[in-house]
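Have a look at the structure below, then the notes.
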There are 2 protein chains.
Amino acid sequence: MSEEFIRCEVNCVHEDAVREVRRVMLGEDVAASLAELFKALGDPTRVKILFALLTRELCVCDLAAVVGMSESAVSHQLRLLRAQKLVKFRREGKNVYYSLDDSHIEELFARGLEHVTE
Amino acid sequence: MSEEFIRCEVNCVHEDAVREVRRVMLGEDVAASLAELFKALGDPTRVKILFALLTRELCVCDLAAVVGMSESAVSHQLRLLRAQKLVKFRREGKNVYYSLDDSHIEELFARGLEHVTE
DNA sequence: AAAACATTTGATCATTTGTTCAGATATAAT
DNA sequence: ATTATATCTGAACAAATGATCAAATGTTTT
């Protein structure tokens with residue numbers, strides 16, 4: 001064992017602390033998923049899209065106008081947000097309406113804004 | 001005005017909806033800051049570092065052992081987290097101890113995990 | 001069926017990101 | 001002072017990202 005403590009010979013690493021933290025550490029997969037989620041929130045365009053959808057359902061064309069970006073660009077971002085199950089959509093005639101698919105976004109934004117504006 | 005509605009001639013964009021959403025939309029700078037924050041949380045290594053610090057203060061060497069990455073790599077990431085005011089540090093002898101500098105991280109992780117594990 | 005419109009998609013390309021490596025700093029111990 | 005240890009830094013490079021453009025879908029209208 002202690003394969004991982006080679007680096008700092010014997011007393012650089014506080015073995016007890018490391019062991020304790022390791023015990024409660026997130027699994028590799030969970031950490032990856034969590035990072036994926038935050039990464040999806042980590043772009044100004046997507047932040048604006050999600051924030052807009054916080055107010056109301058909107059079609060791609062509206063979203064493009066709101067965030068000031070091409071429909072193509074918005075569509076690409078929406079695909080990513082869909083993959084992360086952050087938004088859902090419904091088709092109505094020629095338009096596709098997007099809305100939030102996650103009840104936590106408002107809370108996440110609120111906490112994020114608290115941090116940013118202090 | 002209506003500079004921005006050229007694209008969809010007259011009735012693709014729901015002008016009223018767009019106007020309403022535009023009114024409450026985040027400023028360019030706030031959206032950027034918020035995105036920066038989430039981007040900082042959007043990497044597995046950084047997620048693990050922050051999660052570890054949720055348990056207790058740790059030195060760089062410990063963190064490296066916990067997340068299974070070189071001290072250099074961890075140090076680079078810590079710099080980024082420092083820039084976002086997510087962690088703070090204190091020097092004690094040869095070691096530098098890092099701890100969380102944001103009370104919202106726990107909440108952000110909790111909400112994030114709820115989304116991921118459902 | 002053809003034309004018009006909203007949305008999606010794939011390819012491309014410049015930019016950003018995250019790790020590694022080698023070397024610099026800073027503090028402590030001899 | 002010299003050596004050892006912990007941390008930081010800059011350069012380099014592969015990989016991921018995000019916008020743009022052209023073209024493909026899918027839907028409605030005529």
Side-chain angles (χ1 to χ4, degrees), chain A residues 5-14 17-18 31-32 35-36 38-49 57-84 87-99, chain B residues 5-15 17-18 31-32 35-36 38-50 57-84 87-99:
Chain A
F5 299 121
I6 326 162
R7 189 179 311 278
C8 294
E9 298 311 332
V10 65
N11 48 4
C12 155
V13 170
H14 305 83
V18 172
E36 279 298 304
F38 286 127
K39 194 181 296 185
L41 303 177
D43 171 88
T45 302
R46 292 193 294 269
V47 162
K48 285 187 237 164
I49 290 175
E57 169 187 75
L58 289 166
C59 73
V60 178
C61 208
D62 293 338
L63 280 169
V66 167
V67 307
M69 201 132 281
S70 77
E71 283 132 8
S72 177
V74 170
S75 184
H76 275 298
Q77 300 293 21
L78 285 170
R79 172 151 68 155
L80 202 158
L81 294 174
R82 239 159 46 208
Q84 290 296 320
V87 301
K88 59 183 191 291
F89 64 100
R90 69 184 179 82
R91 175 147 224 148
E92 182 178 317
K94 288 185 288 192
N95 294 317
V96 175
Y97 290 87
Y98 280 84
S99 55
Chain B
F5 300 121
I6 325 160
R7 189 181 311 279
C8 293
E9 298 311 332
V10 66
N11 49 7
C12 156
V13 171
H14 307 81
E15 301 200 24
V18 172
E36 278 299 303
F38 286 127
K39 196 181 295 186
L41 303 177
D43 172 85
T45 301
R46 292 193 294 270
V47 162
K48 286 186 238 166
I49 290 175
L50 292 172
E57 170 186 74
L58 289 166
C59 73
V60 178
C61 207
D62 293 338
L63 281 169
V66 167
V67 308
M69 202 130 280
S70 77
E71 281 132 10
S72 177
V74 170
S75 184
H76 276 297
Q77 300 293 21
L78 285 169
R79 171 150 71 154
L80 201 158
L81 294 174
R82 238 157 48 207
Q84 290 296 318
V87 301
K88 59 181 191 294
F89 64 100
R90 70 184 179 81
R91 174 147 224 147
E92 183 178 317
K94 290 184 288 191
N95 294 317
V96 176
Y97 289 87
Y98 281 84
S99 56

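First the proteins, then the strands, lettered A, B, ... as listed; each starts at 1.
At the phosphate of dT19(C), OP1 or OP2 sits under 4.0 Å from a side-chain N or O atom of Gln77(B). OP1 or OP2 of dA6(D) has not a single side-chain nitrogen or oxygen of Arg91(B) nearer than 4.0 Å. Here Asn95(A) does not reach the OP1 or OP2 of dT27(D): none of its side-chain N or O atoms lies under 4.0 Å away. Between Lys39(B) and the phosphate of dT17(C), there is a side-chain N or O to OP1/OP2 separation shorter than 4.0 Å.
Rounding to whole angstrom units, OH of residue Tyr97(B) and P of dA6(D) are separated by 10 Å. Computed from coordinates, the Glu92(B) CD to dT27(C) C1' distance equals 12 Å when rounded to whole Å. Between Leu41(B) atom CG and dT17(C) atom C1' the separation is 16 Å, expressed in whole Å. Taking atom CZ on Phe89(B) and atom P on dA26(C), their separation rounds to 13 Å, with Å as the unit. For Met69(B) and dT7(D), the CE to P distance is 17 Å, given to the nearest whole Å. As a whole-Å value, the separation of Asp62(B) CG from dT7(D) C1' is 13 Å. Straight-line distance from the CD1 atom of Ile49(A) to the P atom of dT7(C): 13 Å, rounded to whole Å. In this entry the distance linking CZ of Arg90(B) with C1' of dA6(D) reads 15 Å, nearest Å.
The nearest heavy atom of DNA chain D to Gly93(A) and to Arg46(A) marks one nucleotide each, and the one closer to the 5' end goes with Arg46(A).
For Asp43(A), whose side chain is taken as the heavy atoms from C-beta onward, the closest listed nucleotide among dG18(D), dA28(C), dG18(C) is dG18(D). Nearest to the side-chain atoms of Lys94(B) among the listed nucleotides dT27(C), dT27(D), dG18(C) stands dT27(C).
Separation of atoms CG (Leu63(B)) and CD1 (Ile49(B)) is listed at 6.0 Å; rounding is to 0.5 Å. Distance check: Glu57(B) CD to Arg90(B) CZ gives 4.0 Å after rounding to the nearest 0.5 Å.
Phe89(A) carries Arg82(A) over the face of its six-membered ring, with the cationic atom under 6.0 Å from the centre and within 45° of the normal.
A side-chain donor-acceptor contact under 3.5 Å links Asp43(A) to the backbone of Thr45(A). The backbone N or O of Ala40(A) sits less than 3.5 Å from a side-chain atom of Arg46(A), completing a donor-acceptor pair.
Residue Tyr98(B) is in sugar-phosphate contact alone, with no base atom involved, counting any heavy-atom pair closer than 4.0 Å across all strands shown.
Using the six-membered ring where Trp is involved, Tyr97(A) and His14(B) have ring planes that are tilted, between 30° and 60° apart.
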Quick test: give all pairs of protein nitrogen or oxygen and nucleotides 9-11 of chain D nitrogen or oxygen below 3.5 Å, distance rounded to 0.1 Å.
residue : atom : partner  : partner atom : Å
dT9(D)  : O4   : Ser72(B) : OG           : 2.7
dG10(D) : O6   : His76(B) : NE2          : 2.8

Taking it one step at a time, do Tyr98(B) and Val60(B) satisfy side-chain contact (heavy atoms from CB on, under 4.5 Å)? CA-CA 7 Å; Tyr98(B) 281 84; Val60(B) 178; 3.6 Å; yes
